[in-house]
Colleague: 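Before we start, here is the structure in question, set down as structure tokens.
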Amino acid sequence: MSSLAHLYLTNNQLEGGDPHSFARLCSLQSLYLSRNNLSGQLSKFVQILFSTCAQNSLEELYLSGNDLVGSLPDLTNLSSLELLYLNNNQLSGVISEIHFSKLSKLQYLDLSSNSLVLDIHADWIPPFQLNYIRLGSCKMGPDFPKWLQTQKDFSYLDISDAGISDIFPSWFWSLCRNVRIMNLTSNQIRGTFANLTVEFSYFPRLHLSSNKLEGPIPSVLSITSYLDLSYNKLSGSISFLCSSAAIYLGFLDLSRNNVSGQVLDRLTHLENLVMLDLSYNALSGKIPTTIGSVFRIETLKLRSNRFVGQLPSSLKNCTSLVVIDVGDNKLSGPIPEWLGVSLKNLVILMLSSNHFNGSLPSQLCHLTHIQILDFSMNNISRSIPKCLNNLTTLAQIGHSGQEITHSFGNSNSTYQYEDDATFIWKGRMQTYKNTLGLVKRIDLSSNRLTGEIPSEITHLVGLVSLNLSRNQLTGQIAPKIGNLQSLDSLDLSRNHIDGRIPTSLSLIDRLSFLDLSYNNLSGKIPIGTQLQAFDPSVYAGNPQLCGPPLKKMCVDEDERGPSGQTNFIDQEDKDELITLGFYITMGIGFAVGFWGVCSTMIFSRSTHGDTHT
């Protein structure tokens, strides 16, 4: 096929690394081999590919997402190359300006997600004007690469995780007027946004998280569609949100900064906002009632601030909400019934570490999509609703996906983001993102709940974590607790639960964290690989418990030596032996009696016959 100009073989399972078959493709302009299983040295691959006549015609080369290794080869012969994608391979080594010295037509360059080092002379003037620059994970710091100031019209810039610890150069923002996407995350960029006057031609996506930026947030940054400034040292207020230009803002993450003050009650213009994360700051006052006018919002995170008052009832207008996390504040009042009535799309609801009081409304049982329900460390009282078995997603084994993903934008451009969540897991604070969709948990710990644990909770077979510790719960552990085969963590400690530990608990083979300490449990700990493997401390504070792994022996063990069964099973065995012995004895007795009677009759008849004869 010597006239072939465009060859698309992306997303297959092609192997090898010797493309000898392209030797006669002198008209080849586009070669797409991304996301295959190509392996071997990239330099050898390119050498074979372009020792042919194709080197004169090739304009687009996609080799991303393969297993090619080695350093970047000499590309100077590819004089017609406009687009080069080598991202997500296993490339390493040093790149200098020599590699690109003759690529005057190059417009798109993607070397991201490799282990390359860019060592380019400060005075180098590239022969090209790039529109698309993606060099994430390529080390080029500590200074901003000065060759960038020669690129006057880029729309995409990714120099994330590049080892840059510089301040923004005076020339930098003037180059960003036409930028649509900028990613500078995971560097150590310092300084402030002082005197920032850039006028964006579009509404760009700015990824600036995980740096050391300080000072107030300028209002000009509200003219964006996506703004991530998380994990910095920014201060001041969030008054920039009041700008009418923020109308196109769809994603705003200011978490883990030093932003303070109150959230002004002027949010009605944020009609396109889908995600708002203000967590881990020093914001105070009440949550503004105008948050209810942000109708499209799907994710609302206000964790670890100083908010007071009740959840504004206007939130019930935000029927698209999927995630609410207002944990670790000073919010108070009862848990609103409208959470379960109006917000039926909720997947994550976290109200932990506040001052909420009253009872758990039964309307929460309408949250059929809920996966994480965390009301821990509040003042909630009374009993746990028995209707928990109506939580459909928790009552199903499996999951819809590892991530919890959202989309926003318009018909011209759609963006996605993944939710994350931070909570106590097995006694430690953990943050989940890529696997958040796997987590199904209920945490009602550290409240004033009373009554028995409803047996309906054993219908939630998808639960991975259940924490009811530090309450005033009574009664027994449901005998069918073993139905929760997906449980990885179970904490019922520091309650007033009595009775035996159900035998079925030993059948949950995924259980890796257990705490039943400081209750009124009694009897022998059921024998099972899981339950004997835990540290004895998980059973502490239950004086009537006995058997391994505790040192206290059970009464039947003292008399007969260690038994392989629990008291419950021993009792069943004793009943079974008694029953079996009874029937055996009865059978033997019947047989002996029957044959005794018969033999007597036979003997009698025989004797009578002899006498008669």
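Below, all heavy atoms of this structure are taken into account, side chains as well, without hydrogens, waters or symmetry copies. As the structure is a computational prediction, the values presented were derived from the model and not from experiment.
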Colleague: Does this structure show an ion pair linking D253 with K301, if we count only N-O contacts that are shorter than 4.0 Å?
Modeller: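 No salt bridge links D253 with K301.
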Colleague: For a side-chain hydrogen bond (donor to acceptor under 3.5 Å, both in side chains) with S304, tell me which candidate from D325, D328, N329, T422 qualifies.
Modeller: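 Going through D325, D328, N329, T422 one by one, the side-chain hydrogen bond (donor to acceptor under 3.5 Å, both in side chains) with S304 is satisfied by D328 alone.
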Colleague: When the ring centroid of H207 is compared with that of Y226, is the distance short of 6.0 Å?
Modeller: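 Yes: the rings meet the under 6.0 Å criterion.
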Colleague: Just checking Y85 against Y132, ring centres under 6.0 Å apart?
Modeller: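 Between Y132 and Y85, which both carry aromatic rings, the centre distance is below 6.0 Å.
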Colleague: Is it true that D488 and K426 have a side-chain N and a carboxylate O under 4.0 angstrom from each other?
Modeller: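 The answer is yes: the pair qualifies as a salt bridge.
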Colleague: Can you confirm whether the side chains of S155 and N131 place a donor and an acceptor under 3.5 Å from each other?
Modeller: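 There is such a pair (donor and acceptor under 3.5 Å, judged by atom type) between the side chains of S155 and N131.
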Colleague: Is the count of non-hydrogen atoms from other residues, nucleotides or ligands lying under 6.0 Å from L9 atom CG greater than 12?
Modeller: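 It does: L9 CG has more than 12 such atoms within range.
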Colleague: How about Y8 and Y62: are their ring centres within less than 6.0 Å of each other?
Modeller: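 So the answer is no for these two rings.
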Colleague: Using 0.5 Å steps for rounding, measure from the OG atom of S352 to the CG atom of L444.
Modeller: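 Answer for the OG-CG pair, S352 versus L444, is 11.0 Å.
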Colleague: More than 12 foreign heavy atoms under 6.0 Å from CG of D119: is that the case here?
Modeller: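 Counting other residues, nucleotides and ligands, CG of D119 stays at 12 neighbours or fewer.
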Colleague: Side chains of S30 and H6: do they bring a donor and an acceptor to under 3.5 Å?
Modeller: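 Checked: S30/H6 side chains pair up, N/O donor to acceptor below 3.5 Å.
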Colleague: Would you confirm whether K440, through its side chain, and G437, through its main-chain N or O, come within 3.5 Å as a donor-acceptor pair?
Modeller: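 No; zero donor-acceptor contacts below 3.5 Å.
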Colleague: Would V323 and E298 count as a side chain to side chain contact (heavy atoms under 4.5 Å, CB included) here? Give the steps.
Modeller: CA-CA 6 Å; V323 176; E298 296 182 14; over 6 Å; no
Colleague: Is any NZ, NE, NH1 or NH2 atom of the basic residue among R134 and D110 found under 4.0 Å from an Asp or Glu carboxylate oxygen of the other?
Modeller: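 Yes, this pair counts.
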Colleague: When the ring centroid of Y415 is compared with that of F251, is the distance short of 6.0 Å?
Modeller: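 No, too far apart.
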Colleague: Do N88 and S64 meet the criterion of a side-chain donor-acceptor pair at a distance under 3.5 Å?
Modeller: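 Short answer, no.
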